[in-house]
Amino acid sequence: MDLLQTVIIAIVEGLTEFLPVSSTGHMIIVQSLLGVESTTFVKAFTIIIQFGAILSVLCLYWKRFFYPSQLKTGVSYWRAMYGFYARLVVGVLPAVILGLAFNDFIESNLGNVLLVAIMLILGGIFMLFCDRIFNKGREDTPLTYKRAFIIGAVQCISMIPGVSRSMATIVGGMSQRLTRKAAAEFSFFLAVPTMFGATCLETFKLLHHGGGELLSRGNNLEMLLIGSLIAFIVAIAAIRFFIGYVTKYGFAAFGWYRIIVGIIIVTCIACGVDLKMVD
């Protein structure tokens with residue numbers, strides 16, 4: 001990849017990772033339009049730059065990670081910290097279990113571009129109505145361990161390419177009577193261990209298959225660092241925009257957007273455009 005391709009891909013990653021629009025669908029279109037070859041390094045690049053997006057969550061919500069809101073109710077610091085992180089562990093547990101159990105099946109379907117397009121469209125249609133279906137969120141709804149586990153279980157649907165991890169977790173949170181804002185924020189929090197695990201796994205795979213040589217080849221390491229930095233900066237802006245927008249207007253606009261992107265992919269396939277998955 002050259003510098004321009006790195007910058008564009010990182011911007012797309014940062015913009016779409018936390019929005020309910022499927023970063024996978026966007027990567028298909030952008031990388032195909034840019035003519036980026038599906039090499040081992042490129043595949044790892046699209047996963048590892050998610051680390052930048054992870055840092056954006058920690059940067060924006062550092063108080064929630066180190067000074068949990070339970071402190072306001074008089075709960076001791078260590079008990080509050082345990083409660084916050086324990087809920088994250090409970091929430092990510094279903095993805096860990098199912099991810100390990102169905103890893104081969106998941107990886108075999110990552111290249112199914114038509115499946116991505118179909119899920120984008122179906123998910124988009126669902127998002128046009130989810131505000132009406134799950135409109136009982138309350139500010140005082142507690143995030144119990146049971147609710148965290150259910151949200152984590154719903155997150156597993158995003159193992160189907162094109163569903164969007166963000167969409168799955170937010171809808172899962174709204175189904176548990178969390179407000180749109182609370183559901184979106186827990187989706188961001190849950191992304192940290194989920195994406196960190198994916199980044200570590202991909203880094204291990206890269207190093208196991210001669211990644212040290214790949215990183216030292218040409219300007220690969222430089223591109224990886226630049227991509228991570230850009231994804232970090234763009235993700236901060238995307239999160240701030242999304243929280244404000246979805247709290248006020250809901251998800252309908254994102255639903256229409258998903259439908260349009262899905263139709264674009266289907267149209268490209270019908271016209272014989274060779275779209276390839278690289279992540």
Side-chain angles (χ1 to χ4, degrees), residues 13-14 17-20 23 47-103 137-159 164-204 228 231-232 235-236 238-240 242-243 246-247:
E13 165 61 28
E17 186 60 51
F18 294 108
L19 303 184
S23 58
I47 301 296
I48 295 175
I49 62 172
Q50 291 179 349
F51 185 71
I54 294 173
L55 292 180
S56 71
V57 177
L58 294 176
C59 178
L60 287 174
Y61 292 98
W62 66 272
K63 287 186 178 180
R64 297 286 291 275
F65 277 88
F66 300 105
Y67 297 95
S69 58
Q70 294 98 320
L71 291 176
K72 298 178 182 178
T73 62
V75 177
S76 69
Y77 177 79
W78 293 112
R79 184 176 177 184
M81 288 289 288
Y82 170 80
F84 178 78
Y85 288 108
R87 284 167 176 78
L88 289 185
V89 171
V90 170
V92 80
L93 193 59
V96 173
I97 295 173
L98 292 182
L100 292 174
F102 297 99
N103 181 65
R138 294 172 55 91
E139 293 287 347
D140 59 351
T141 299
L143 182 61
T144 61
Y145 290 106
K146 179 181 178 181
R147 288 192 171 101
F149 182 82
I150 291 174
I151 294 171
V154 176
Q155 177 181 231
C156 294
I157 300 175
S158 64
M159 292 178 182
S164 169
R165 190 207 62 81
S166 178
M167 185 191 82
T169 50
I170 292 173
V171 171
M174 292 172 63
S175 73
Q176 297 304 300
R177 298 180 181 274
L178 297 182
T179 63
R180 288 190 297 235
K181 181 180 179 181
E185 288 182 340
F186 186 66
S187 172
F188 300 153
F189 301 156
L190 199 58
V192 173
T194 302
M195 293 166 58
F196 180 74
T199 300
C200 290
L201 179 61
E202 196 62 35
T203 302
F204 172 78
S228 298
F232 166 74
I236 287 179
I239 290 174
R240 285 178 170 172
F242 179 63
I243 286 293
V246 77
T247 299

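Note that the coordinates shown come from a computational prediction; the quantities given were computed from them, not determined experimentally.
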Within residues 171-184 or reaching into it, pairs that qualify as side-chain hydrogen bond (donor to acceptor under 3.5 Å, both in side chains) - sequence neighbours excluded:
D131-R180
Taking every heavy atom of G14 against every heavy atom of A238, the minimum-distance pair comes out as O-CB, 3.7 Å
May I have the list of side-chain donor-acceptor pairs in residues 187-195 shorter than 3.5 Å, sequence neighbours left out?
| unit_1 | atom_1 | unit_2 | atom_2 | d |
| --- | --- | --- | --- | --- |
| S187 | OG | T169 | OG1 | 2.6 |
| T194 | OG1 | L190 | O | 2.8 |

Under the rule for side-chain contact (heavy atoms from CB on, under 4.5 Å), what residues qualify as partners of Y145, not counting sequence neighbours?
Y82, A86, R87, V90
Kindly indicate, with the supporting measurements, whether the criterion side-chain contact (heavy atoms from CB on, under 4.5 Å) is fulfilled by F186 and L88.
CA-CA 9 Å; F186 186 66; L88 289 185; 3.9 Å; yes
Heavy-atom count around Y61 OH within 6.0 Å, excluding the residue itself: above 12?
yes
Do you know the tightest heavy-atom contact between P20 and S164?
CA-OG, 3.4 Å
Among residues at least two apart in sequence or on other chains, which ones pass side chain to side chain donor-acceptor pair (under 3.5 Å) with S166?
none
What I'd like to find out is whether the side chain of V171 reaches to under 4.5 Å of the side chain of I157, using heavy atoms alone.
no
Start with the C-alpha distance between T247 and I243, add both sets of side-chain angles, then the distance that settles side-chain contact (heavy atoms from CB on, under 4.5 Å), and finish with yes or no.
CA-CA 6 Å; T247 299; I243 286 293; 4.3 Å; yes
Enter the distance from F18:CZ to Q50:CD here, rounded to the nearest 0.5 Å.
8.5 Å
Nearest heavy-atom approach of S23 to E13 is CB-OE1, 4.3 Å
Take atom CZ of F242 as the centre, draw a 6.0 Å sphere, and report whether it contains more than 12 heavy atoms from other residues, nucleotides or ligands.
yes
Any idea which heavy atoms bring F196 and I54 closest together, and the distance?
N-CD1, 3.2 Å
List for me each residue that meets side-chain contact (heavy atoms from CB on, under 4.5 Å) alongside A183, sequence neighbours excluded, and say none if there are none.
I170, M174, L178
Only counting residues at least two apart or in another chain, list the ones meeting side-chain contact (heavy atoms from CB on, under 4.5 Å) with I236.
S56, C59, L60, F232, R240
I need the minimum non-hydrogen distance between A53 and A235, along with the two atoms involved.
CA-CB, 4.1 Å
